[in-house]
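Here the structure is laid out as structure tokens; the discussion comes afterwards.
Owing to the predicted nature of the structure, the values given are computational and were not obtained by experimental measurement. Side-chain atoms are counted along with the backbone in the values below, which use heavy atoms only and exclude waters and symmetry mates. Throughout, protein chains are lettered first and strands after them, A, B, ... in sequence-line order, and every chain is numbered starting at 1.
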Number of protein chains: 2
Amino acid sequence: MNKQPKYRQVADALRREIDNGTFPPGSRLPSESELQTRFGASRNTVRNGLSLLVSEGLITSSQGLGYEVRSHEVFELNASRFENLNFPQNGDAYNTDVTNAGRRPHQTFRVEMTSAPEDIAKRLKVEPGSKAVLRFCHRYVDDVPWSTQATYYPAWLVEQSPRLAEPGDIEEGTTRYLAARGIEQIGYFDEIAARMPTPEEARLLEIGAGVPVLLWTRTGYSADRPIRCTVTTFRGDLNRMNYEIGDLSARENEGQ
Amino acid sequence: MNKQPKYRQVADALRREIDNGTFPPGSRLPSESELQTRFGASRNTVRNGLSLLVSEGLITSSQGLGYEVRSHEVFELNASRFENLNFPQNGDAYNTDVTNAGRRPHQTFRVEMTSAPEDIAKRLKVEPGSKAVLRFCHRYVDDVPWSTQATYYPAWLVEQSPRLAEPGDIEEGTTRYLAARGIEQIGYFDEIAARMPTPEEARLLEIGAGVPVLLWTRTGYSADRPIRCTVTTFRGDLNRMNYEIGDLSARENEGQ
DNA sequence: TAGTGGTCTAGACCACCTC
DNA sequence: AGGTGGTCTAGACCACTAC
């Protein structure tokens, strides 16, 4: 005998029906009271089962409306191709990529003078707590919050390149601006991690329960030392990162 | 007035105390009944708040023991360096990496003849449902389930390289075995995604609520066509992926 | 045996959405 | 107004862990 608790039976039954198409993406699940009678369970037990599916990222709930099966469309982000070393462009080609996908990009932007958080300082090889310029970007696609991007520049670099600390965009792109001043990024170190969002991240990205964030930390190096560190936070349900390594001429024919 | 529901107040208060070190990683939270009196709330309300923290990945619970603050140690996985194109080695250097970190690797292994799932078939550029060899690996570090790895080889390749379908390890490594038979991988396409685990993944990786998985899909190409597709599923709380791009000689000095 | 969390019930009131 | 989910309570019994 391997009896599952009732709320799991509820979750399992519904999950199966979502998987096999009984409830396709975008459709609505039966209401809690309908599920009570169907499973012969109390309301709390039904809710317990439903909340399991919510935390698995399978469904969402909204007051007054009901439970809806989540639909998944993902946005591909090529991390190795854009920001090409021989052809530096503004930031990370977000505008180009989004527009190419037929979507409408939109972003808010701000520049701050802060002290570098410990993990950033370590990557930039500066003293923890030392001054840094933070250029922060909050990005939307078709008005849906998509990602936040925080780039830190160490103080010594800002002294040489004062426009980094000025508010507002740098027209030609920060990479080109730096290159023109003799600071060339010749390598990157990328780190990718996943975790559940902090309440702050959940707020900025309008993430509900059951959706992890992808954390992408890119540290850019000149020939001598690290010159910037960019931390990008994505909604995990809407994004996928790609890397191309080596010779991929055999991949060109069709879209994968 | 911006009153939060009581269970959120419980969660926020405890989260703050976890963040500021009142409850350090590995320590135990007060029991539910203690929290009831502290917050003047019913047991279900307290449980509701605690389950929020569980689904954020901050704490775990076990019957009879209580709630414990999760501790985070992450394992770095260099995706661009290992499986070096000029120096192919067995699989993805998992054994080497883990041993170097002073940990004890352990894995179970099986080989299956299956039909390629749709997404795999697309990446291998074969008909959906066509035959493929699946080499499946379940990996542990110090007896903690760490990742699962499924590599699919298309039928046409297996005909040329029959040992792929044989159970058991290929001593010299599949990459070398293939290279010796004239099939050389000259490029990779990596895709990285994050999501909540399916019940099956949660079982294999012994993941509790609040821990996402990292999905790493690597498609290997010869000069002509894709020759394999490897899907690795990691515990998101224990792993971080790295990519090195361009010239990183300035990084060598210290550990990042 | 005592204390912990896990499951389940029954009922109440509130907030939001649609009509 | 009527239906939906959101919050909260009080109490019951079970399962696991410690001693």
Side-chain angles (χ1 to χ4, degrees), chain A residues 1-15 18 23 26-70 199 202-203 206-210, chain B residues 1-15 18 23 26-70 199 202-203 206-210:
Chain A
M1 199 51 178
N2 208 332
K3 192 168 178 303
Q4 286 274 66
K6 205 185 272 186
Y7 77 94
R8 281 192 181 278
Q9 298 177 28
V10 173
D12 291 344
L14 293 174
R15 191 189 300 107
I18 290 172
F23 302 115
S27 68
R28 268 195 43 197
L29 251 44
S31 72
E32 290 180 352
S33 60
E34 287 177 90
L35 294 174
Q36 282 183 61
T37 56
R38 168 173 168 194
F39 291 102
S42 77
R43 186 173 170 216
N44 280 338
T45 301
V46 167
R47 284 178 63 80
N48 210 333
L50 287 166
S51 75
L52 236 185
L53 299 183
V54 169
S55 75
E56 287 173 13
L58 268 181
I59 62 177
T60 60
S61 71
S62 18
Q63 208 170 37
L65 285 174
Y67 292 84
E68 184 170 316
V69 181
R70 224 204 277 275
R203 193 178 59 76
E206 289 175 23
I207 304 187
Chain B
M1 202 48 180
N2 207 332
K3 194 170 178 305
Q4 286 274 63
K6 205 185 273 186
Y7 77 95
R8 282 192 180 278
Q9 297 176 28
V10 173
D12 290 345
L14 293 175
R15 192 189 300 107
I18 291 172
F23 302 115
S27 69
R28 267 194 47 197
L29 251 45
S31 73
E32 291 181 350
S33 61
E34 286 178 271
L35 294 173
Q36 283 183 58
T37 55
R38 168 171 169 194
F39 291 102
S42 76
R43 187 173 169 217
N44 279 338
T45 301
V46 166
R47 284 177 63 79
N48 210 333
L50 287 166
S51 76
L52 236 184
L53 299 183
V54 169
S55 75
E56 287 173 13
L58 268 181
I59 63 177
T60 60
S61 71
S62 19
Q63 208 171 38
L65 284 175
Y67 292 85
E68 184 170 314
V69 180
R70 225 205 280 274
R203 194 179 57 78
E206 290 176 22
I207 304 189

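In this structure, A:Asn48 and A:Val10 have side chains that are not in contact, with every pair of non-hydrogen atoms separated by 4.5 Å or more.
A close approach under 4.0 Å does occur between a side-chain nitrogen or oxygen of B:Thr45 and OP1 or OP2 of D:dT9. For A:Tyr67 and D:dG6, the shortest distance from a side-chain N or O to OP1 or OP2 is below 4.0 Å. In this structure, B:Ser33 does not reach the C:dG3 phosphate: none of its side-chain N or O atoms is under 4.0 Å from OP1 or OP2. In this structure, B:Arg47 does not reach the C:dG5 phosphate: none of its side-chain N or O atoms is under 4.0 Å from OP1 or OP2. Between D:dG6 and A:Ser61, a contact under 4.0 Å exists linking OP1 or OP2 to a side-chain N or O.
Taking the side chain of A:Tyr7 as heavy atoms from C-beta on, and the options D:dC8, C:dT7, D:dG5, the nearest nucleotide is C:dT7. Of the listed nucleotides (D:dC8, C:dG5, C:dT9), C:dG5 has the atom at the smallest distance from the side chain of B:Glu32. When distances are taken from the side chain of A:Ser31 to each of D:dT9, C:dC8, D:dG5, the shortest belongs to D:dG5. With distances taken from any side-chain atom of B:Gln63 to the nucleotides C:dT4, C:dA15, D:dC16, the minimum falls on D:dC16. Of the candidate nucleotides C:dT18, D:dT9, D:dT17, D:dT17 has the atom lying nearest to any side-chain atom of B:Leu65. Considering only side-chain atoms of A:Pro5, the nucleotide from C:dC8, D:dC8, D:dG6 that sits closest is C:dC8. Listed nucleotides: D:dC16, C:dT4, C:dT9. Nearest to the side chain of B:Glu34: C:dT4.
One can find a donor-acceptor pair under 3.5 Å joining the base of D:dG6 and the side-chain atoms of A:Arg43.
Note: CG (A:Asn48) to C1' (D:dG6) measures 15 Å, nearest angstrom. In this structure, the CD atom of A:Glu68 is 16 Å from the P atom of D:dT4, given to the nearest Å. Summarising the geometry, the separation between CD on A:Gln36 and P on C:dC8 is reported as 14 Å, rounded to the nearest angstrom. The CG atom of B:Asn44 sits 16 Å away from the P atom of C:dG11 (whole-angstrom rounding). Atom CG in A:Leu52 sits roughly 13 Å away from atom P in C:dG6 (whole-Å rounding). Rounded to a whole Å, the CD atom of A:Gln4 is 10 Å from the P atom of C:dC8. Atoms CZ (B:Arg8) and P (C:dC14) sit 20 Å apart, rounded to a whole Å. For B:Lys3 and C:dC13, the NZ to P distance is 17 Å, given to the nearest whole Å.
Residues A:Gly64 and A:Val46 both approach DNA chain C. Their nearest nucleotides, taken by heavy-atom distance, put A:Val46 toward the 5′ side.
Taken from OG in B:Ser33 to CZ in B:Arg38, the straight-line distance is 13.5 Å, to the nearest 0.5 Å. Once rounded to the nearest 0.5 Å, the distance linking CG of A:Leu65 with OG of A:Ser31 reads 12.5 Å.
The main-chain N or O of B:Gly40 is found under 3.5 Å from a side-chain atom of B:Lys6 such that the two form a donor-acceptor pair. Under a 3.5 Å cut-off, the side chain of B:Arg15 and the backbone N or O of B:Leu58 do not form any donor-acceptor pair. Proximity of a side-chain donor or acceptor of B:Arg70 to a complementary backbone N or O of B:Gly57 within less than 3.5 Å is detected.
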